[in-house]
Structures are given as C-alpha cells and as structure tokens.
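A quick write-up on the structure given underneath.
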Amino acid sequence: FFAGQRLGNHLPWMKLVLNIDRVGRQALAAQRRHDQRTGGDLTHTDPKRRHWNKVLVGSGDCVADVDAVLAAKQAKIRKDNEAPFTRFVLSASPEYFRGDDGRLNPERVREFALSARKWLRKEYGEGLAYAVLHLDERTPHIHAVAVPLYRKKTKRGEAWAVSHHEHEATKGFGSYEHLRRRAADALGLEYGEPGNKPRTEQERLLAEREAAVAVQEKAVARAAAIVEAARRQAGRPPDPDLAALSARRRRRPDEQQGG
C-alpha cells in the first residue's frame with residue numbers, strides 16, 4: 001500500500017495541522033487504548049473502516065515500542081523527568097485528502113503518510129518509536145511517539161540519555177516553531193502567517209465539522225441546480241429559492257483570491 005515517492009506539489013491554501021506535546025507513561029497508556037480502539041470515546045470513528053488504519057513505525061503498541069527503543073539504546077531517563085517522550089498528531093486541511101468529488105484520494109493519503117514518516121525519521125532517527133495512520137475518522141491523521149535521544153558524556157565516555165532540551169530537534173529558543181516549519185516544508189503544506197502556530201487537535205476537529213458542512217452545502221447546491229435546470233426545460237418559471245441554493249456553491253480558496 002505504501003510505496004513510491006512523495007508528492008512534489010505545494011498546495012499553498014492547504015494548512016499544516018500539527019500538535020506536539022511532552023508525555024509520560026500514563027498518557028502513552030491512554031494513547032495505546034485510543035489507537036488500538038479498546039477504550040476512550042470512539043463515537044467519532046467508523047468501525048467499518050477500522051481495518052484501513054495502518055502502522056507506519058513500530059508494532060502498533062506505543063508503550064512497548066518506546067520501551068524497545070530505551071532497551072536497545074540502554075538509554076536512561078532522569079527520575080524527575082515525568083514527561084520524557086514527544087508525541088505528535090500530524091494532519092492537514094481536510095480538503096487536502098479529498099478529490100473534487102469529496103471522496104478520499106488514496107494516492108494523496110499514501111504520499112502524505114510516506115512524507116510524514118520520512119520527516120519524523122529525519123528529525124528523530126532511531127528515537128522514532130511509533131507511528132500509526134488513522135483512516136477510520138473523517139480526516140486522515142498520524143499519531144506518533146518519539147524518544148528524544150542524545151549522547152551524554154559520562155565518566156566512562158558517552159551513553160544514550162533522554163532529554164527534550166538536549167535533543168537537536170527541540171534544543172534552544174524557538175525550536176518547536178522551527179520544528180513545525182520544517183514539517184510544513186517536508187509535507188508541502190502552508191505553515192500559516194508568521195507568528196501563528198498550526199492548528200491543534202481541537203482546531204482540527206472543528207475544521208472537520210466545517211468541512212462536513214461544506215460538503216453538504218455543495219451537495220444541496222448541486223441538487224438545486226439539477227432541479228432548476230429541469231424546471232427550465234419544462235418551461236416553468238425560475239424558483240427564487242432554488243436559484244439561491246444553487247448559487248451557494250463554495251469556491252476554492254485560490255479562486256476566492258481572484259487569481
């Protein structure tokens with residue numbers, strides 16, 4: 001299913017959706033229940049599409065995969081570091097994944113997943129423990145977990161350790177904004193206006209609802225246009241209400257900008 005090269009097209013009206021947070025084991029356990037669909041609120045998921053979900057990195061168990069990375073590197077976590085892991089939610093504007101007919105575009109979804117996985121591996125290397133693509137919700141998105149590994153100097157030389165502040169991807173002032181901008185560039189998406197952050201998970205869900213309304217409005221407008229055309233062919237006078245509905249077709253953002 002996942003093969004080939006990523007899309008090279010830059011779509012300036014399509015926005016990056018990226019949420020990054022620091023989490024501990026309790027949050028990872030909740031993440032595992034959510035991703036494996038064994039707990040939490042599942043009302044927004046479609047059981048008939050659950051088999052579409054795809055593990056991109058790891059075994060599909062984020063807790064076990066994090067432990068595997070720590071064991072392989074014999075990496076130590078400081079006892080006072082209660083949230084040592086980096087968790088991501090990666091997505092884009094809902095329209096990015098859909099064709100003109102409003103249906104999911106498999107090729108676009110595939111290329112997004114490939115590009116996102118490549119970017120995460122570039123940023124975190126062997127520390128990227130887990131990533132899963134969810135397709136049983138309205139908008140495709142990726143959940144990922146990384147261990148921020150770095151080489152720490154010890155009395156015996158060097159050893160692997162875990163720290164957000166010491167990892168190259170998140171070290172220094174403004175590092176998270178730079179990380180988000182690199183994600184936008186890697187995925188060919190728009191970051192937003194300077195100083196603005198990409199949308200969070202809540203904003204993504206709101207965007208999904210707005211997109212669903214837009215799809216419904218377009219369907220109503222198409223149906224109204226068909227009925228209005230049939231009325232004209234039958235020699236009947238125009239219906240103002242139908243004309244108003246058919247005129248409510250939403251234009252694409254690039255068309256709205258007049259050029």
Side-chain angles (χ1 to χ4, degrees), residues 1-20 31 34-35 44-46 48-60 62 65 86-146 169 177-192 197-201 203-205 207-208 210-212 214-215 218 252-255 257:
F1 183 76
F2 291 98
Q5 302 298 317
R6 82 174 187 88
L7 290 174
N9 297 334
H10 180 76
L11 304 177
W13 63 87
M14 300 299 181
K15 304 295 183 180
L16 171 70
V17 179
L18 174 58
N19 190 38
I20 309 171
Q31 185 73 50
H34 171 77
D35 291 349
H44 60 293
T45 66
D46 183 353
K48 295 180 181 179
R49 292 166 51 185
R50 195 159 295 165
H51 64 284
W52 292 4
N53 294 344
K54 176 75 175 180
V55 175
L56 303 175
V57 178
S59 67
C62 58
D65 291 337
T86 308
R87 181 172 63 180
F88 300 85
V89 179
L90 265 165
S91 189
S93 301
E95 304 84 4
Y96 175 83
F97 299 102
R98 299 186 178 276
D100 294 336
D101 59 358
R103 297 182 180 180
L104 281 181
N105 182 327
E107 185 64 20
R108 179 57 54 80
V109 174
R110 180 185 296 111
E111 302 301 349
F112 172 81
L114 285 169
S115 297
R117 182 172 62 183
K118 181 179 179 180
W119 172 73
L120 287 165
R121 280 179 171 163
K122 180 178 180 181
E123 296 290 347
Y124 284 90
E126 294 177 285
L128 178 60
Y130 170 86
V132 61
L133 171 67
H134 282 171
L135 296 174
D136 61 348
E137 300 177 49
R138 175 166 178 79
T139 299
H141 59 278
I142 292 171
H143 291 278
V145 179
E177 180 176 354
H178 297 321
L179 184 63
R180 290 183 174 100
R181 290 188 180 278
R182 292 196 297 273
D185 290 341
L187 296 171
L189 295 167
E190 185 66 24
Y191 177 87
K197 294 181 179 180
R199 292 174 294 180
T200 63
E201 181 78 348
E203 291 171 320
R204 179 180 68 81
L205 292 173
E208 288 182 3
E210 292 176 345
V215 170
K218 288 180 180 178
R252 280 171 40 170
D254 57 334
E255 295 173 338
Q257 294 171 359

Are Glu95 and Arg98 close enough for a salt bridge, meaning some N to O gap below 4.0 Å?
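No, Glu95 and Arg98 are not salt-bridged.
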Heavy-atom closest contact ([X] atom, [Y] atom, distance):
X      : Y      : value
Ala186 : Trp119 : CB-CD1, 3.7 Å
Ser91  : Leu189 : O-CD1, 4.2 Å
Pro140 : Leu133 : CB-CD1, 4.5 Å

Using 0.5 Å steps for rounding, measure from the [atom1] atom of [X] to the [atom2] atom of [Y].
X      : Y      : atom1 : atom2 : answer
Phe97  : Phe112 : CZ    : CZ    : 4.5 Å
Leu90  : Leu18  : CG    : CG    : 5.0 Å
Arg108 : Met14  : CZ    : CE    : 7.0 Å
Glu190 : Asp185 : CD    : CG    : 9.5 Å

Results of side chain to side chain donor-acceptor pair (under 3.5 Å) for Asp35 - residues two or more places apart only:
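With neighbours one apart ignored, the set is Gln31, Tyr130.
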Residues two or more places apart in sequence or in another chain: which of them pass side chain to side chain donor-acceptor pair (under 3.5 Å) with Arg121?
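With neighbours one apart ignored, the set is empty.
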With no hydrogens and no angle check, is any side-chain donor or acceptor of Ser93 less than 3.5 Å from a backbone partner on Lys15?
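Yes, Ser93 side chain to Lys15 backbone: donor-acceptor pair under 3.5 Å.
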Keeping the roles fixed (side chain from Arg87, backbone from His143), state whether a donor-acceptor pair exists under 3.5 Å.
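No.
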Partners passing ring pair (Phe, Tyr, Trp, His ring centres under 6.0 Å) against Tyr124 (at least two apart in sequence or in another chain):
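Tyr124: ring pair (Phe, Tyr, Trp, His ring centres under 6.0 Å) contacts with Phe88, His167.
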Contacts of type side-chain contact (heavy atoms from CB on, under 4.5 Å), residue Arg49, not counting sequence neighbours
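Only Asp46, Trp52, Leu104, Asp136 meet the side-chain contact (heavy atoms from CB on, under 4.5 Å) criterion with Arg49.
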List in chain and number order the residues that pass side-chain contact (heavy atoms from CB on, under 4.5 Å) with Ala131, two or more places apart in sequence or in another chain; answer none if no residue qualifies.
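By the side-chain contact (heavy atoms from CB on, under 4.5 Å) rule, Ala131 matches Leu56, Val57, Ile142, Ala144.
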Should [X] and [Y] count as side-chain neighbours, where that means a heavy-atom distance under 4.5 Å?
X      : Y      : value
Asp65  : Val145 : no
Glu111 : Glu107 : yes
Val89  : Val17  : no
Arg180 : Ile20  : yes

Evaluate the side chain to side chain contact (heavy atoms under 4.5 Å, CB included) criterion for residues Arg181 and Glu177: first the C-alpha distance (whole Å), next the side-chain angles of each, then the deciding distance (0.1 Å), finally the verdict.
CA-CA 6 Å; Arg181 290 188 180 278; Glu177 180 176 354; 3.3 Å; yes
Parallel, tilted or perpendicular, as decided by the 30° and 60° cut-offs, for the rings of His141 and His134:
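Ring orientation, 0 to 90° scale: perpendicular.
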For residues 123-134, which residue pairs qualify under salt bridge (Lys or Arg N to Asp or Glu O under 4.0 Å), counting only residues two or more places apart or in two chains?
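For residues 123-134, and leaving out neighbouring residues, the salt bridge (Lys or Arg N to Asp or Glu O under 4.0 Å) pairs sorted by first residue read Lys73-Glu126, Glu123-Arg182.
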